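Heavy atoms only: backbone and side chains are in, while hydrogens, waters and symmetry mates are out. Order of listing sets the numbers, starting from 1, for every ligand and every atom in it. Predicted model only: the values in this text are computed from it and were never measured. Note that the numbering runs from 1 along the sequence shown for the chain.
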Amino acid sequence: MALEHFPDHVAVSERSLEYDCFEITTLTPHIGAEIRGLDLSSPLSSEQDKELRRALQDWMVLVFPEQELTADQHKAFGSHFGDLHIHPQLRGAKMSHPEILPVHTNADSPFTPGDGWHADVTCEELPLWGSMLYIRETPECGGGDTLYADMYTAYELLSEPMKRFLEGLTAIHDGAGPYSEQQGMGLGRSAPGEGFPCSEHPVVVRHPDTGRKLLYVNSGFTTRIVGLSAAESRGILDLLFRHIDSTPKLHCRVHWGPKTLTFWDNLATQHHAIWDYYPHSRVGGRVSVLGKTRPTA
Ligand code: SIN
């Protein structure tokens, strides 16, 4: 039966699982893949680079178990793909690796980074193209998984009238929500000297690498849709956030073993770290690669 009989159906696309440089096992038929047989501590050959970029475009979230990485090797893997981002909260900090955002949670943590649906740092003008989170230690009780959601499919599952309504709109992405002491995901930090970053981006963005449209609002950073009344904006954003968090077919779940690195497309996906392991600890760090252009419709 034709797809139009199932308006909320996601067709499994014909993506090749043939790679010469590594073995790949998909997490779902749409998003997420585990990759074995590649040592991320060594520079990538041009063939490995080509195949990894293809895998990232196809699966959006790539999980690499059992990787031995120093901080320098973690950064070198990120730098292979572009300039590294320094998180607004770490700019000017006296630390040996400001490009690595610590992702540490233990019994004394008032919050865990990323505990809510978001894409990383969309309050910046230049988007983060990709992030590489390396978890060195996992909670001894289990748990600490991360959920990811596919923003291409989130867009494609919207009705045609809703897609037409959203095309051409822009939205504000404000760092004060997640980063300030009082609000949001409660990262509990004070504003850097120049204030929290705040930017306006299209609600529907075209991915620079694939040319596909995706939904580009997230509950972590997006505060309002420009040109709508406050009530209209709240209603539409809540509808979109609910669509993202309550449509399981958009999601995959990454289970971290110790020394796992996960590399995700930060435009095409959102994620949510699950803090279900209190009072145990989870320890790692994230490197992110800057995009080259502002998100465009
Ligand atoms: C993050 O938002 O980058 C952290 C995700 C995680 O800890 O799984």
Visitor: Looking at ligand 1, is there an atom of it that comes within less than 4.0 Å of some heavy atom belonging to H118?
Guide: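 Per 4.0 Å heavy-atom rule, H118 contacts ligand 1.
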Visitor: For H271, counting its heavy atoms only, list the atoms of ligand 1 lying under 4.0 Å from any of them.
Guide: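 Near H271, meaning under 4.0 Å from one of its heavy atoms, ligand 1 has 1 (C), 2 (O), 3 (O), 5 (C).
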Visitor: In ligand 1, which numbered atoms sit nearer than 4.0 Å to a non-hydrogen atom of R282?
Guide: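 In order of numbering, the contacting atoms are 6 (C), 7 (O), 8 (O).
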Visitor: Could you check whether K213 makes a cation-pi contact with Y152, meaning its NZ or CZ is under 6.0 Å from the centre of the six-membered ring and within 45° of the ring axis?
Guide: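 The answer is no; the distance or angle limit is not met.
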Visitor: Short list, please: which atoms of ligand 1 are under 4.0 Å from a heavy atom of V103?
Guide: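 Listed by number with element: 7 (O).
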Visitor: So does T223 get a backbone contact from the side chain of H173, meaning a donor-acceptor N/O pair under 3.5 Å?
Guide: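 No.
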Visitor: Give the atoms of ligand 1, by number and element, whose distance to some non-hydrogen atom of P113 is under 4.0 Å.
Guide: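 Ligand 1 atoms under the 4.0 Å threshold to P113: 4 (C).
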Visitor: Would a distance-only check, ignoring hydrogens and angles, find a side-chain to backbone donor-acceptor pair under 3.5 Å from H201 to E124?
Guide: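 Such a contact is found between H201 side chain and E124 backbone.
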Visitor: Looking at P29, is its backbone amide N or carbonyl O close enough to the side chain of T26 to form a donor-acceptor pair, meaning the two atoms are under 3.5 Å apart?
Guide: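 Checking the backbone N and O of P29 against the side chain of T26, no donor-acceptor pair under 3.5 Å is found.
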Visitor: At less than 4.0 angstrom from any non-hydrogen atom of G114, what atoms of ligand 1 do you find?
Guide: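 It comes down to these atoms of ligand 1: 2 (O).
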Visitor: Between L133 and ligand 1, find which residue part has any heavy-atom pair under 4.0 Å and reply side chain, backbone, both or neither.
Guide: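 The part of L133 near ligand 1 is the side chain, not the backbone.
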Visitor: Relative to the heavy atoms of T146, which atoms of ligand 1 are at a distance of less than 4.0 Å?
Guide: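 By the 4.0 Å cutoff, the relevant atoms are 6 (C), 8 (O).
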Visitor: Angle between ring planes, H272 versus W117, binned at 30° and 60°: parallel, tilted or perpendicular?
Guide: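 Judged by the thresholds at 30° and 60°, the geometry between H272 and W117 is perpendicular.
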Visitor: Tell me, please, whether Y19 has R54 positioned over its six-membered ring: NZ or CZ under 6.0 Å from the ring centre and within 45 degrees of its axis?
Guide: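 Yes; both conditions hold, so R54 lies above the ring face of Y19.
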Visitor: Between W256 and ligand 1, does any nitrogen or oxygen pair lie at a separation below 3.5 Å?
Guide: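 It does not: no N or O of W256 is found under 3.5 Å from an N or O of ligand 1.
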Visitor: With heavy atoms of A273 as the reference, note each atom of ligand 1 found under 4.0 Å away.
Guide: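 Selected atoms, number and element: 5 (C), 6 (C), 7 (O), 8 (O).
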Visitor: Considering non-hydrogen atoms only, spot the tightest contact between L69 and L261 and give its length.
Guide: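 Closest approach of L69 to L261: CD1-CD1, 3.6 Å.
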Visitor: Between R286 and ligand 1, is there a nitrogen or oxygen pair with a distance under 3.5 Å?
Guide: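 Yes, at least one N or O pair falls under 3.5 Å.
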Visitor: Side chain, backbone, both or neither: which applies to T112 and ligand 1 if a contact is any heavy-atom pair less than 4.0 Å apart?
Guide: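 Neither part.
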Visitor: Other residues, nucleotides and ligands only: do more than 12 of their heavy atoms fall within 6.0 Å of CZ on R242?
Guide: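 12 or below, so no.
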